[in-house]
Amino acid sequence: MLATALGVTIHAVDSHQPFLGELRRRAEDAGVGSRIQAHCMEMSDIPAVFSSIDLLWSEGAAYNIGFADALARWAPALRSGGFVVVSELAWLSEAAPAAARDFFRAGYPDMKLTTENIRLAQEAGYRMLGTHNLPRAAWIDDYYEVLEPRATTLASHQDAGVRALAQETLKEIEIFETAGGSYGYVFYLLQRS
Ligand SMILES: C[S@@+](CC[C@H](N)C(=O)[O-])C[C@H]1O[C@@H](n2cnc3c(N)ncnc32)[C@H](O)[C@@H]1O
């Protein structure tokens, strides 16, 4: 989408080569393959490989090295005034149901309120230009509506590891349905200050 919308070279970073292969196939299908350069590498090594980045775009991935740590590490790789668009799972309310709080305390103990993430981004040297909450439909369409029937089937799989993963997925979907929008994926639009 970025290659199509921006018409510039995009350097795509992921540490899992098969995902970059899938990206390559999709980019070729979309007619933008020549604009994608894929790099199988650690996201924390971005400053060692790139400098003067105009726009660093990261959806649902920064948490792998910690939201605040990722922002601090990436800052020197951006050109002065360069932009970061990063999304991160966050609490949208201080009054989330106990079941949701318990679920994420176990699964993602580092999850913070959006207001805390804004403060962390500012402390990491960015100006906050805005936020955008992913709409409910983005969790359902092509995601939970696909995952739920698959997980239901796999919940009785002969392999205990598969059963556990399927049950965890079903639990996550149940939590989402009962959490009343108290958490979500938030995009932070940042400019290096
Ligand atoms: C939840 S997925 C999000 C992928 C994509 N941005 C999206 O929205 O569909 C997280 C991605 O981060 C990659 N990843 C995890 N740890 C990484 C690391 N340390 N360095 C680079 N990529 C990493 C995973 O391989 C995976 O593709």
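Residue numbers run from 1 in the order of the sequence given. Order of appearance sets the numbers: ligands from 1, and atoms from 1 within every ligand.
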Determine yes or no for a side-chain-to-main-chain donor-acceptor pair under 3.5 angstrom, with Ser52 supplying the side chain and Arg79 the backbone.
no
Tyr143 and Trp139 aromatic ring geometry - parallel, tilted or perpendicular at 30°/60° bounds:
tilted
Non-hydrogen atoms closer than 4.0 Å to ligand 1: which protein residues do they belong to? List them by chain and number, please.
Asp14, Ser15, His16, Phe19, Met41, Glu42, Met43, Glu59, Gly60, Ala61, Tyr63, Asn64
Under 3.5 Å, side-chain donor or acceptor atoms of residues 170-181 against the rest of the protein: list the pairs with distances, not counting sequence neighbours.
from, atom 1, to, atom 2, distance (Å)
Glu172, OE2, Tyr144, OH, 2.3
Glu177, OE1, Arg136, NH2, 3.2
Thr178, OG1, Glu174, O, 3.0
Thr178, OG1, Ile175, O, 3.2

Of all heavy-atom pairs linking Met43 and Val13, the shortest is CA-CG1, 4.3 Å
Flag if over 12 foreign heavy atoms under 6.0 Å of CD, Gln17:
yes
Tell me, do Tyr188 and Tyr126 make a side-chain contact under 4.5 Å, heavy atoms counted?
no
